[in-house]
Amino acid sequence: SEAVGVSYGKTIKVFTIAPCPVEIEWSGAVDFTYDGTDHSSNITATARTEINENIFKISFRYKAHGATTFTPVTEVKNAGTYTATAEISNDNYTISTNAAATFTIKQKALTVTAEDKTVTYGDSVPYTATYNGLLDCDKGKLGTPNFTCNYNEVGTYSITVDGLENSNYAITYVNGTLTVNKRTVTLDWGTANSFIYDGTAHTLKPAAKNIVIGDDLGLAVTITGENISGSSAINVGTYTATASITNKNYVLAESSKTATFTITARALTITANDHEIIYGSAPATNGYTISGMIEGETPETANISGTVKLTTNYTQYGNVGEYDIIVDISGLSAPNYSFTAKNGKLTVNKKELTVTAKNHEITYGEEPSANGYTINGFVNNENESVITGLENITYIIDYAQWQDIGQFSITPKVDGLSAVNYSFKANSDGILNVKQLNIQLSGIIERDYADGGILFDKNCRRLYNRISR
């Protein structure tokens, strides 16, 4: 039979042109260390036989460190295992060997070191780390480092760092050292640094500044000084308060470790007691009073020595009035007291003069009268010349004309008298003696009575009775 499309009498030879086998040679597909750049353009595939055109198309697959599967990628950048596969874009060629190349980008070594820190006890620690081997392009791509360091008192501690992640780096951690120094405490001693002696112990109570809330310093104050009583500042003097603490996490600032204070003398007032004398008396005082001494102390227990001197600016026979009693404390001393003098008052009162009416005698029927006076009580040889008003002196007489005979009091009225240095007292001891009236008769005197008459002679002797009708 005749084959369709075939002419008889011709010889047909069928042959096949097979693709040219090409052996690939890879360039750049070698192991290297991560450097943050894309190396895909540096990886090429070339034929070992000369071909005048680029017939290869390369693709990449990537498996990160620790992963189990490959993923297609376009960049050759991150650390991991890569497979580069060449494909021929010309059907006239076929890859005979080395169609794929496997290489590794190794992790870059990165050392993260916790930086050494020095802080003051109680302060927070600003932890930081140094990164040796980290590329600039990866800064901020590791996450946040985790620092661990538990300190609670002064000393040295290890700072550990971890918690960073980046598959492009093989991270090594290096511990740092934290040094915790003592916290410096300053003391405020206040302004109350002077006390007045009161017999009790005094000290200073400083306020501590710059301490951690809740901490106890174990603060104690020791007193030393010139007049220390045991360990207490009681007596007058200058003292030094020195602070110390037992908490080992603190140190006292040298500038505020000590403070001085004083106990000053307590002021006593020596007051002259007021006193009164009578004109003509010699100047006199009446002692003194001490005020201001603390309860329970006496001049003896307070070791007061010396003598108080009292004088006055009054001289005997000076005029009446008020004069100073002057206190001289120059001779007093005491270890814990000072002295203030307070003058007293000497009052010189008038001397009382007694004015007595002289005894006097009148006859029955005469008007009451007086016969002058006597004054007793003068001093300094003084007399009535110092008195005014004597010329007008009057009397109170306890007798009225025609009263029966007898003795009656005469009292001078002294309210009109005055003298600089004298007062006056009326004495009622003056006596007015009213005597009988003597009657001389001549002849016979007859006087009628209701029931008769009596007859007298000239000497008032009864002669006879007569009955009047």
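All heavy atoms count here, side chains included; hydrogens, waters and symmetry mates do not.
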Non-hydrogen side-chain atoms of [X] and [Y] separated by less than 4.5 Å:
X: Arg266; Y: Ser338; value: no
X: Glu300; Y: Thr298; value: yes
X: Thr240; Y: Thr242; value: yes
X: Tyr157; Y: Lys117; value: no
X: Gln107; Y: His65; value: yes
X: Thr311; Y: Asp328; value: no
X: Ser158; Y: Tyr151; value: no
X: Val30; Y: Phe103; value: no

Inter-residue atom distance [X].[atom1] - [Y].[atom2], 0.5 Å rounding:
X: His39; Y: Phe32; atom1: NE2; atom2: CZ; answer: 4.0 Å
X: Trp26; Y: Thr46; atom1: CH2; atom2: OG1; answer: 9.5 Å
X: Ile278; Y: Lys350; atom1: CD1; atom2: NZ; answer: 12.0 Å
X: Trp402; Y: Glu367; atom1: CH2; atom2: CD; answer: 10.0 Å
X: Ile277; Y: Gln316; atom1: CD1; atom2: CD; answer: 8.0 Å
X: Phe378; Y: Tyr279; atom1: CZ; atom2: OH; answer: 10.0 Å

Using modelled atom types and a 3.5 Å cut-off, is there a donor and acceptor pairing between side-chain atoms of [X] and backbone atoms of [Y]?
X: Glu297; Y: Ile294; value: no
X: Asp38; Y: Val76; value: yes
X: Asn380; Y: Tyr317; value: no
X: Asn146; Y: Asp162; value: no
X: Glu226; Y: Thr238; value: yes
X: Asn210; Y: Thr184; value: yes
X: Asn98; Y: Ile24; value: yes
X: Thr179; Y: Thr118; value: no
X: Tyr314; Y: Gly318; value: yes
X: Asn371; Y: His360; value: no

More than 12 foreign heavy atoms under 6.0 Å from [atom1] of [X]: is that the case here?
X: Ile196; atom1: CD1; value: no
X: Asn383; atom1: CG; value: yes
X: Glu295; atom1: CD; value: no

Compute the centroid of each ring, for Tyr82 and then for Phe60, and state whether the two points are separated by less than 6.0 Å.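 Between Tyr82 and Phe60, the centre distance exceeds or equals 6.0 Å.
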For [X] versus [Y], what's the shortest heavy-atom pair and its separation?
X: Thr203; Y: Phe195; value: O-CZ, 3.7 Å
X: Ala45; Y: Ile58; value: N-CD1, 3.4 Å
X: Ser194; Y: Thr264; value: OG-CG2, 4.0 Å
X: Gly163; Y: Tyr173; value: N-OH, 3.5 Å
X: Pro412; Y: Ala357; value: CG-N, 3.6 Å
X: Leu204; Y: Ala259; value: CD1-CB, 3.9 Å

Does any pair with a residue in residues 281-291 pass side chain to side chain donor-acceptor pair (under 3.5 Å), and if so which ones, sequence neighbours excluded?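 Listed once each, the pairs are Asn273-Thr289.
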Only counting residues at least two apart or in another chain, list the ones meeting ring pair (Phe, Tyr, Trp, His ring centres under 6.0 Å) with His275.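 Partners of His275 under the ring pair (Phe, Tyr, Trp, His ring centres under 6.0 Å) test: none.
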Go through the side-chain N and O atoms of [X] and [Y] and say whether any donor and acceptor fall under 3.5 Å apart.
X: Glu352; Y: Ser423; result: no
X: Asp138; Y: Tyr34; result: yes
X: Asn343; Y: Asp324; result: no
X: Tyr121; Y: Asp215; result: yes
X: Tyr422; Y: Glu382; result: yes

Working note: Thr356 + Thr374, criterion side-chain hydrogen bond (donor to acceptor under 3.5 Å, both in side chains); need CA distance, chi angles, decisive distance, verdict. CA-CA 5 Å; Thr356 306; Thr374 60; 4.6 Å; no
Let's go through Ile396 and Lys413 carefully: what are the C-alpha distance in whole Å and the side-chain angles of both, what is the deciding distance for side-chain contact (heavy atoms from CB on, under 4.5 Å) to 0.1 Å, and is it a yes or a no? CA-CA 7 Å; Ile396 300 172; Lys413 295 180 68 174; 3.6 Å; yes
Thr222 vs Ser231, side-chain contact (heavy atoms from CB on, under 4.5 Å): CA-CA, chis, key distance, verdict: CA-CA 8 Å; Thr222 302; Ser231 60; over 6 Å; no
Could you give me the CA-CA distance, side-chain angles and deciding distance for Glu322 and Lys345, then say whether salt bridge (Lys or Arg N to Asp or Glu O under 4.0 Å) is met? CA-CA 6 Å; Glu322 292 184 352; Lys345 180 176 68 175; 3.2 Å; yes
Which one of Leu142, Asn132, Asn168 satisfies the side-chain contact (heavy atoms from CB on, under 4.5 Å) criterion with Leu110?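 In the set Leu142, Asn132, Asn168, the residue that makes a side-chain contact (heavy atoms from CB on, under 4.5 Å) with Leu110 is Leu142.
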Among Asn247, Ile211, Asn249, Asp123, whose side-chain contact (heavy atoms from CB on, under 4.5 Å) with Arg183 holds?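 One option only clears the test, and that one is Asp123.
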Given the rule in the side-chain contact (heavy atoms from CB on, under 4.5 Å) test, do Lys209 and Leu187 qualify, once you have shown the distances and angles that lead to the verdict? CA-CA 6 Å; Lys209 295 183 177 180; Leu187 299 178; over 6 Å; no
For a side-chain contact (heavy atoms from CB on, under 4.5 Å) check, start with the C-alpha distance between Leu268 and Leu332, then their side-chain angles and the critical distance, and finish with the verdict. CA-CA 11 Å; Leu268 296 183; Leu332 291 183; over 6 Å; no
From CA spacing to verdict: side-chain hydrogen bond (donor to acceptor under 3.5 Å, both in side chains), Thr128, Glu115: CA-CA 6 Å; Thr128 56; Glu115 290 188 301; 2.2 Å; yes
